[in-house]
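What follows is one structure encoded as structure tokens, with my remarks underneath.
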Amino acid sequence: MAEKVFSINNQLAEIAVIADTLESLSDEWNIPMNITLSLNLVLEELVSNTILYGYDDTDEHKIEIHLSFIDEIVSIQIEDDGREFNPLLVAEVDVDLPIEERKIGGLGIHLVRKIMDEIVYERIDNKNILRLTKNIRRIE
Amino acid sequence: MNLTNEKVNNFCVLNIEGRVDTTNYSEFESEVNKLFEAGEKELIFDCSGLNYISSSGLRVFLIAQKKTLSLNGKLYLCNLQPAIKEIFDISGFSTIFKIFETRDKAIGS
């Protein structure tokens, strides 16, 4: 069983830490590069949302990220102490609309939903806990 | 991220290389705006060196396409890496952009 736990501060520059961490895990866990990029994307969308919109103060906050890879299933857990936010309640964007009607934005959560197989949200002890899984065997 | 542009026939070709993400999409957006301000209406975004994009970068593509339409111009994409093409597909972008396999095909269309 492969596991990696790390945390970042609520600064957008920390997105680079996510990219670096995933890049080294890609080698270590032998995960194909396209999957690594998808997982990087999922983490960036969720974490940047939290950093940009999740806090009522300007204090430093930690966002904890837990990754594991067992039996071809990648699991991600993201834990933050920001405002209650369940991304599963965000309205779906209609990606079939013609260009004239396409709204700017709202794509991030859509990408997360499309890339991951399962997403579970919980609010525990004033924390947002999001668990996401992806079976990587299916798309090789 | 590295951005360079060059003139090829009537087209202004913008080469997008590296990663476009939440930390740098605004540079990408202002570079695209500069091209529009310079009067460019026929654009090609050459994505051969683009190896990562998140929704903030996709947003700039969408803004550029809307702007191009309003100017009656052209915006073609070419050389998308498979992983990037996949992101465009699930974003529904593959139907709202003209995507060519190569730069030559885009120019010759």
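All values derive from a computational prediction rather than experimental measurement. In what follows, chains carry the letters A, B, and so on, assigned in the order in which the sequence lines appear, proteins first and then strands, with residues in each chain numbered from 1.
For chain B, the nearby parts of A:Asn40 are the backbone and the side chain; heavy atoms of each come within less than 4.5 Å. Contact annotation for B:Leu69: only side-chain heavy atoms (C-beta onward) come within less than 4.5 Å of a heavy atom of chain A. Residue contact with chain A, scored on non-hydrogen atoms closer than 4.5 Å, involves the backbone of B:Asn51 exclusively. If you measure heavy-atom distances from B:Ile84 to chain A, you find no contacts under 4.5 Å at all. Using a 4.5 Å cut-off between heavy atoms, A:Leu97 touches chain B through its backbone atoms (N, CA, C, O) alone. For B:Thr22, the parts sitting under 4.5 Å from any heavy atom of chain A are the backbone and the side chain alike.
Using cut-offs of 30° and 60° for the angle between ring planes, the B:Phe93 and B:Phe88 rings count as perpendicular. Ring pair A:Phe69/A:Trp29 is parallel by interplanar angle, where below 30° counts as parallel and above 60° as perpendicular.
Salt-bridge annotation for A:Asp81 and A:Lys127: absent, with no side-chain N of the basic residue lying under 4.0 Å from a carboxylate O of the acidic one. Using a cutoff of 4.0 Å between basic side-chain nitrogens and carboxylate oxygens, A:Glu79 and A:Lys62 are not scored as salt-bridged. Between B:Glu40 and B:Lys7 there is a salt bridge, since a side-chain N of the basic residue sits under 4.0 Å from a carboxylate O of the acidic one.
No other option in A:Leu52, A:Leu41, A:Leu111, A:Val93 has as many heavy-atom pairs under 4.5 Å with chain B as A:Leu41.
A donor and an acceptor atom, one from each side chain of B:Asn15 and B:Glu6, are located under 3.5 Å apart.
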